[in-house]
Every structure is written in C-alpha cells, then in structure tokens.
2 protein chains.
Amino acid sequence: MKKLDILKKLRSSGLRPTKQRVEIAKFLFERDKTFHFTIESLDKLLAKKTSSKFALATIYNTVHAFKEAGHLSEVEVRGNKSYFDTNVSNHHHFYDSETAELIDIDANDIVIQKIPKAPNGKKIKNVEVFINLKN
Amino acid sequence: MKKLDILKKLRSSGLRPTKQRVEIAKFLFERDKTFHFTIESLDKLLAKKTSSKFALATIYNTVHAFKEAGHLSEVEVRGNKSYFDTNVSNHHHFYDSETAELIDIDANDIVIQKIPKAPNGKKIKNVEVFINLKN
DNA sequence: TTTCACTTTAGAACAATTATAAACTAGTTT
DNA sequence: AAACTAGTTTATAATTGTTCTAAAGTGAAA
Ligand SMILES: [Mn+2]
Ligand SMILES: [Mn+2]
Ligand SMILES: [Zn+2]
Ligand SMILES: [Zn+2]
C-alpha cells in the first residue's frame with residue numbers, strides 16, 4: 001500500500017491524515033502479509049522502527065480509530081491484552097501459545113460440515129475458529 | 001454433585017477442603033448445567049446466594065486453583081475480563097454479545113470437514129469454535 | 001492569515017488481576 | 001488434647017492494560 005493510498009484511506013474514513021496517523025498507517029498497512037499486534041508490541045516496534053515519538057494514548061486512539069473505520073479488526077486471544085489484525089476479512093487463526101503469535105487461516109481453508117442452529121430468536125453473526133498449537 | 005464428592009474432588013487434587021473452597025465448590029459444581037462466569041459475577045452471586053463472606057483475593061485464588069486442578073476451564077471472550085467454565089470437556093460456544101453470555105455447544109454438534117495442517121513443526125492441540133450471535 | 005474543530009500529549013483515573021505479609025486453620029505430631 | 005506447621009485467607013498494596021482529561025498543538029477551510 002502506497003503513501004497516497006494511505007492518505008486516501010484515512011480521508012475516506014473521516015480521519016485527518018495527521019503526522020502520527022500517517023506514520024502508524026504506513027507501518028501497519030505497507031505490508032504484504034497480515035500483521036497481528038498488541039498495543040504494547042506496536043508501541044515498541046514504532047519506537048524501534050520509526051524516528052517519530054508517539055504518546056501511548058495516541059497509539060490507543062489511532063488503533064481504535066482504524067478499527068472503527070474498519071481498517072483493523074480485533075482478535076480474541078487468551079490473556080487480558082487486546083490483539084489487533086490488519087486482516088479485516090473473515091478468517092480464522094492458529095495460535096501458538098509458545099510465542100503468543102497468531103497465524104492467519106483463510107476462510108476457505110476451513111469447512112464446517114455441521115453446525116447447530118442459533119438459540120431462541122438469535123441468528124449467527126459469524127463463526128470464528130481458533131486452533132491452538134503445541135510443539 | 002454431592003458434598004462428599006466435593007470433598008473428594010478437592011482432596012484428590014491436593015486442595016485442602018477449607019470452608020471457603022467447599023462453599024465455592026458447592027456453588028460451582030452442584031449444578032446440572034454448565035455454568036459460565038467471571039470473577040466479578042461469581043463474587044456478586046456468592047454474596048447474594050451464600051451467607052459467608054469471601055475476600056475477593058480468595059475468589060481469585062480458588063478459581064485459579066480449581067482451574068489448575070482441571071475442575072474449571074477458561075474461555076476466551078471478547079473483552080478484558082476472564083470467563084470461566086464448569087464444563088472442562090472439549091466443547092464450543094455460542095456467544096451472545098447482547099447479554100455477554102456463553103452457551104455451550106457439544107463437541108459433536110460441530111463437524112469440521114476441512115482443516116489446514118499445522119505450520120512448521122507444530123501440532124494441533126485443540127480446535128475451538130466460537131459462534132457470535134446477533135438478534 | 002485567521003480560525004476552529006479535531007488531534008496529540010502527559011498524566012490521572014480506572015478496571016482487572018496479582019502480590020504481599022500478617023492472621024488464621026486443617027491436619028499432623030506429640 | 002495441646003502444640004506445631006504448612007497451607008490458606010484476608011485486607012490492602014502493587015501492577016498491568018486501558019480509558020479519560022484537559023491543555024497545547026495542528027490540519028485544512030475560509
Ligand atoms: Mn483476550
Ligand atoms: Mn478476553
Ligand atoms: Zn488474522
Ligand atoms: Zn462452556
């Protein structure tokens with residue numbers, strides 16, 4: 001993803017392309033592969049890989065703004081820390097608890113043959129498969 | 001589950017059957033159906049449904065001891081709060097975000113037809129299916 | 001350029017959890 | 001039965017992850 005696309009992406013989702021947002025967006029979205037991260041890991045990586053300084057609150061604000069705008073998704077992982085994901089399409093995960101790392105699984109790589117019907121007057125919003133790994 | 005079984009369960013897992021543990025165990029395990037809870041909800045329920053007082057630290061300690069002993073499992077749910085589960089067998093969940101409630105799905109009620117192989121030298125430890133509900 | 005709503009920031013506040021260390025108790029030993 | 005002791009409970013402090021606050025700064029429109 002090019003810088004111009006990043007500016008477009010920010011503007012089109014009602015986010016002013018500030019210095020901080022552009023830098024964080026470049027760091028997150030100028031990638032070939034999915035990137036999974038926590039606020040803590042992102043904070044450290046930004047400190048290491050960029051020359052700018054970011055208040056922790058800005059990282060929280062920005063990540064949430066990107067999530068709100070649909071540019072990031074949040075993944076449920078064991079622990080009390082939030083994990084975010086640059087892959088916003090419907091997909092699944094491996095989880096390696098040794099390294100605390102998530103690995104994407106394409107939605108098409110898992111086929112569910114039998115599934116129970118939703119209770120009461122409820123409907124199924126989405127199905128998430130989480131595969132825990134061991135050595 | 002009878003009180004005698006509870007004493008047995010505690011002793012056999014190396015847990016002294018103290019007044020607090022027995023009371024909490026009775027509350028958790030003398031049930032027909034699975035019980036899903038957070039520490040906060042358990043604290044409130046114990047205050048309401050029992051005549052004893054429990055330090056919050058004791059509830060944390062006890063729940064963790066039960067989990068360590070394999071009498072409770074922990075379920076990953078969106079949010080920064082831990083959910084526990086009296087069903088320690090392999091099973092899946094519906095999650096109703098309206099009520100923040102988990103509903104058990106028997107392992108046999110979900111059949112997966114196609115699943116990717118584990119990466120590198122890793123193996124699959126277990127597969128958790130999480131079905132988000134909407135109205 | 002001036003303006004102003006939006007943004008960033010440092011720090012405070014908050015929520016969930018874990019650690020601490022003194023008082024207490026279940027179960028063993030005398 | 002009294003003493004002993006390792007394990008437990010408790011109140012409270014500390015820690016961790018996250019959100020709030022309000023003052024200073026900035027993007028972009030006028
Ligand atoms: Mn989590
Ligand atoms: Mn969670
Ligand atoms: Zn992913
Ligand atoms: Zn369950």
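Hydrogens, waters and symmetry mates are skipped; everything else that's a heavy atom, side chains included, is used. Chain A is the first sequence line, chain B the second, and so forth, proteins listed ahead of strands; every chain is numbered from 1.
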Worksheet item: What integer distance in Å separates B/K19:NZ from D/dG7:P?
Response: 21 Å
Discussion item. Heavy atoms from C-beta onward define the side chain here; which of C/dT8, D/dT9, C/dT18 lies closest to that of B/Y60?
Written reply: C/dT18
Discussion item. How many whole angstroms separate atom NZ of B/K53 from atom P of C/dA23?
Written reply: 23 Å
Worksheet item: In whole angstrom, what separates A/L56's CG from C/dA13's P?
Response: 17 Å
Worksheet, complete the sentence: Which of C/dT7, D/dG17, D/dT9 is nearest the side chain of A/R21? It is C/dT7
Worksheet item: Which one of B/F37, B/Y60, B/F29, B/F84 satisfies the ring pair (Phe, Tyr, Trp, His ring centres under 6.0 Å) criterion with B/F66?
Response: B/F29
Response to the item:
Out of D/dG27, C/dT17, C/dT9, minimum distance to the side chain of A/P17 belongs to D/dG27
Discussion item. In this structure, how many angstroms lie between the C1' atom of C/dA26 and the CZ atom of B/R11, rounded?
Written reply: 9 Å
Fill in: Separation of atom CZ in A/F54 from atom P in C/dG11, rounded to whole Å
19 Å
Worksheet item: Are any of B/S82's side-chain N or O atoms less than 4.0 Å away from OP1 or OP2 of C/dA16?
Response: no
Worksheet entry | Selected nucleotide, minimal atom distance to A/T18 side chain, candidates D/dA28, C/dT9, C/dT8 | C/dT8
Worksheet item: Nearest-Å distance, CG (B/N61) to P (C/dA21)?
Response: 16 Å
Worksheet item: To the nearest angstrom, how far is B/I59 atom CD1 from D/dT10 atom C1'?
Response: 12 Å
Practice prompt. Check whether the side chains of B/D106 and B/N108 place a donor and an acceptor atom closer than 3.5 Å, and report yes or no.
Written response: yes
Response to the item:
Side-chain contact check for A/E40: nearest option of D/dT9, D/dG17, C/dA16 is D/dG17
Worksheet item: If you find the nucleotide of DNA chain C closest to A/A57 and the one closest to B/E74, which residue's nucleotide is nearer the 5' end?
Response: A/A57
Worksheet item: Is any side-chain nitrogen or oxygen of A/H64 closer than 4.0 Å to OP1 or OP2 of D/dT18?
Response: no
Practice prompt. Report the C-alpha distance between B/E40 and B/K44 in whole Å, list the side-chain angles of each, state the deciding distance to 0.1 Å, and finish with yes or no for salt bridge (charged side-chain N to carboxylate O under 4.0 Å, His left out).
Written response: CA-CA 6 Å; B/E40 190 194 13; B/K44 284 186 179 136; 3.4 Å; yes
Worksheet entry | Nucleotide C/dA5, atom P - distance to CZ of A/R16 in whole Å | 10 Å
Worksheet item: Do we see a donor-acceptor contact under 3.5 Å between the side chains of A/E74 and A/S82?
Response: yes
Discussion item. I'd like to know if the side chain of A/D104 pairs up with that of A/H91 as donor and acceptor (distance under 3.5 Å, no hydrogens or angles considered).
Written reply: yes
Discussion item. Does C/dT9 have OP1 or OP2 under 4.0 Å away from a side-chain N or O of A/Q20?
Written reply: yes
Fill in: Proximity to the side chain of A/T62 - top-ranked nucleotide from D/dT10, D/dT18, C/dT8
C/dT8
